[in-house]
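Written below as structure tokens is the structure these notes are about.
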Amino acid sequence: MLNSIILRIVILLLGCMLLFFYGILMVAAVVNLPDSWFGFLYSLGGIIAGILCFIYLLNKNKILLIIALPFIILMIMTLLK
């Protein structure tokens, strides 16, 4: 089920969304850097999760999804709020 091409394309699109969303947060965190170290590390983790979604497209290792899943959930919660 997790190796189907449709699910891998959905994960690729989620990776693009992660990179875009956390990229914007990274810019905001870098501008306010002395006061926003947590925001910087949070956005860095999200960008890494986006990259892991791209790697999953080629590698199909389920550990990558387990690492990226919390950042996907946090992004969805932030967008729905």
Side-chain angles (χ1 to χ4, degrees):
M1 171 88 184
L2 287 176
N3 291 333
S4 69
I5 190 70
I6 295 171
L7 185 66
R8 289 189 358 220
I9 290 173
V10 168
I11 291 172
L12 178 69
L13 292 174
L14 279 172
C16 291
M17 288 174 47
L18 282 170
L19 287 175
F20 180 73
F21 180 76
Y22 286 108
I24 291 173
L25 288 178
M26 177 69 83
V27 171
V30 167
V31 168
N32 299 319
L33 194 55
D35 297 326
S36 65
W37 280 105
F38 178 73
F40 176 75
L41 295 175
Y42 172 67
S43 60
L44 185 65
I47 290 173
I48 291 171
I51 293 170
L52 290 178
C53 287
F54 280 102
I55 294 173
Y56 178 76
L57 183 69
L58 303 172
N59 196 358
K60 299 180 214 164
N61 190 355
K62 291 167 187 60
I63 300 290
L64 301 173
L65 289 181
I66 293 172
I67 295 170
L69 188 63
F71 291 100
I72 293 171
I73 292 171
L74 288 171
M75 179 186 68
I76 291 171
M77 287 175 38
T78 302
L79 292 175
L80 291 179
K81 188 175 180 182

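Numbers here simply count residues along the sequence, with the first being 1.
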(request) Applying side chain to side chain contact (heavy atoms under 4.5 Å, CB included), run through Cys16 and Phe54 and close with a yes or a no. (result) CA-CA 8 Å; Cys16 291; Phe54 280 102; 3.5 Å; yes
(request) Begin with the C-alpha distance, continue with both residues' side-chain angles, and end with the deciding distance and a verdict on side chain to side chain contact (heavy atoms under 4.5 Å, CB included) for Ile47 and Leu19. (result) CA-CA 5 Å; Ile47 290 173; Leu19 287 175; 3.9 Å; yes
With clusters defined by side-chain heavy atoms of hydrophobic residues (ILVMFWY) lying less than 4.5 Å apart, directly or transitively, does [Y] cluster with [X]?
{"X": "Tyr42", "Y": "Leu44", "value": "yes"}
{"X": "Leu12", "Y": "Leu52", "value": "yes"}
{"X": "Met26", "Y": "Phe20", "value": "no"}
{"X": "Ile11", "Y": "Ile63", "value": "yes"}
{"X": "Ile24", "Y": "Leu18", "value": "no"}

With rounding to the nearest 0.5 Å, note down the distance linking [atom1] in [X] to [atom2] in [Y].
{"X": "Ile48", "Y": "Ile55", "atom1": "CD1", "atom2": "CD1", "result": "10.0 Å"}
{"X": "Leu13", "Y": "Ile9", "atom1": "CG", "atom2": "CD1", "result": "7.5 Å"}
{"X": "Asn59", "Y": "Arg8", "atom1": "CG", "atom2": "CZ", "result": "10.5 Å"}

(message) Using 30° and 60° as the class boundaries, would you call the ring planes of Phe40 and Trp37 parallel, tilted or perpendicular?
(response)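 Answer is perpendicular, since the angle exceeds 60°.
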(request) I would like to know whether Leu25 and Tyr22 meet side chain to side chain contact (heavy atoms under 4.5 Å, CB included); could you show each step before the answer? (result) CA-CA 5 Å; Leu25 288 178; Tyr22 286 108; 3.8 Å; yes
(request) Determine whether more than 12 heavy atoms belonging to other residues, nucleotides or ligands lie under 6.0 Å from atom CD1 of Ile6. (result)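 It does not: Ile6 CD1 has 12 such atoms or fewer within range.
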For residues 68-78, dump all side-chain donor-acceptor pairs below 3.5 Å to protein atoms at least two apart in sequence or in another chain.
residue: Thr78; atom: OG1; partner: Leu74; partner atom: O; Å: 2.8

